[in-house]
Novice: 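Take a look at this one; I'll ask things after.
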Protein chains: 2
Amino acid sequence: MSTADTPSASAGRKRADVRRNEQKLLDAAAAVFVRMGIDAPVREIAAESGLGMGTIYRHFPTRADLVVAVFRHQVDALAAAVDAAPTAGTPYEVLRQWVHQFVDFLVTKHGLAEALHSDQAGFESLHNEFVERLMPVLDQLLKASTAAGYTRSDVRAYDFMLAIGNLCIGVENFPDYQARRMIDLLLAGLARTAPASTGEEPEQP
Amino acid sequence: MSTADTPSASAGRKRADVRRNEQKLLDAAAAVFVRMGIDAPVREIAAESGLGMGTIYRHFPTRADLVVAVFRHQVDALAAAVDAAPTAGTPYEVLRQWVHQFVDFLVTKHGLAEALHSDQAGFESLHNEFVERLMPVLDQLLKASTAAGYTRSDVRAYDFMLAIGNLCIGVENFPDYQARRMIDLLLAGLARTAPASTGEEPEQP
DNA sequence: TTGAAAAGCGGAGCGACGCTCCGTATCGTG
DNA sequence: CACGATACGGAGCGTCGCTCCGCTTTTCAA
């Protein structure tokens, strides 16, 4: 259940209408997600697509699977962005830029950050998808920056990734909340700093 | 609608059963919240209290109001903890300790951090309660630490408080996530540091 | 071309949720 | 005690995610 069981994609040849409907569903879902956010009712997507709810659930066993499918391309792009590395500076700078790309992605999908860490049943697949695809990338960036001496070595990519996602929660519900500043604060904390005055490295459980 | 419209508390003299039932509801809600988390169905609380749902909603117009009422004492304690200041060290250390107390509170109430930033209708009151009671405290701690030269001055208490709450989201759903470490990372980013190598103070919008 | 089996589709329906509404029970005062 | 004011209870409403099965469409051998 980890490598290849994607219900979408062009697997073995299927009936023509099946492929057509799957595309219809993805398009409709994308449109509805933009209009109403990730939490839009499934019925709404059914209406938008002109198909029935049974069809949705046959293609995507749960709402989360539909969300995953809709954003898969963009997640892939994010994972690939690390290789492109257009404006490479220090490894820390590269890391920082990737993080901000990640944030850009999260905050433009209404409710995605919230859903990523939801305890709603079925949404673990969303969480898993993101972790599996993006954590290796972040881990690589982190290790590179640490190896070059720019960042501390005691931060796990997993924690850091969830933290970034978490900090994006609420951007639209609380317009006064400046998530980006807090992301920068976290990044500043990550930077290796000449530990000056007070207690650092608090290792007590 | 900001100062004194608390539906609970012992306002004007009411019928005896009303006061009795309000206490029953608070007790039942507290028990159910511990057992099933903040998101427990209202019906469950009604069952636990032995009262009807109508009674709940007459006392607390929305679920969020009930949550607020249940935790009001602990929020007050948290707000007061800053004056006690038992193990005072540097202002930064005091700030850090208070933050960790706040985190202790959040992570022991299953689902509270999530609810705090939920877009669910009616939950703004929960958010507001926390902001109104605790942000002044945090602001004071922050200003003190900054004035003493321990922390940067460009971080707003509001952002910082939401960030802390956000970082606590998912602790129980994702046991591998070490929220505390990320809180410490944020605190490290807050500390005034001899800015060494790479780009800091990113002020681009 | 045809016709029946295989495959897919649609939407009524289920259980759970937050919250409302109003007939009924309880309180407390004259 | 009696009666008006007050509060209670829980059936019921609208909405949600998701399921189930009778019906339609596609496919392909004859």
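No experiment lies behind these values; they were computed from the predicted model shown. Throughout, a chain's letter reflects where its sequence line sits, starting with A, and its residues are numbered from 1.
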Novice: Tell me the interatomic distance from B/R19, atom CZ, to C/dG28, atom C1', rounded to whole angstroms.
Specialist: 13 Å

Novice: Indicate yes or no: does A/R72 engage A/D76 in a salt bridge with an N to O separation below 4.0 Å.
Specialist: no

Novice: Taking CZ from B/R20 and P from C/dT26, how many angstroms apart are they, rounded to a whole number?
Specialist: 11 Å

Novice: What heavy-atom pair brings B/A157 and B/L142 nearest, and what distance separates the two atoms?
Specialist: CA-CD2, 3.8 Å

Novice: Between A/D184 and A/R180, is there a salt bridge with N-O shorter than 4.0 Å?
Specialist: no

Novice: Which residues pass the ring-ring contact (aromatic ring centres under 6.0 Å, His included) test with A/H110, sequence neighbours left out?
Specialist: none

Novice: For the residue pair B/H127 and A/F174, does the interplanar ring angle fall in the parallel (under 30°), tilted (30 to 60°) or perpendicular (over 60°) class?
Specialist: parallel

Novice: Assign a letter to each nucleotide of nucleotides 5-18 of chain C from its 5' end: B, base within under 4.0 Å of a protein heavy atom; S, sugar-phosphate only; -, no contact.
Specialist: --BSBBBBB---SB

Novice: Just call it for A/A46: base, sugar-phosphate, or nothing, with non-hydrogen atoms closer than 4.0 Å on any strand.
Specialist: nothing

Novice: When the distance from CG of B/L66 to P of C/dC19 is rounded to whole Å, what number comes out?
Specialist: 11 Å

Novice: Could you tell me the separation between the CE atom of A/M36 and the P atom of D/dT15, rounded to a whole number of Å?
Specialist: 12 Å

Novice: Quick one: A/I45 CD1 to D/dC18 P, roughly how many Å, whole number?
Specialist: 11 Å

Novice: Could you work out, with ring-ring contact (aromatic ring centres under 6.0 Å, His included) as the rule, every residue matching B/Y57, not counting sequence neighbours?
Specialist: none

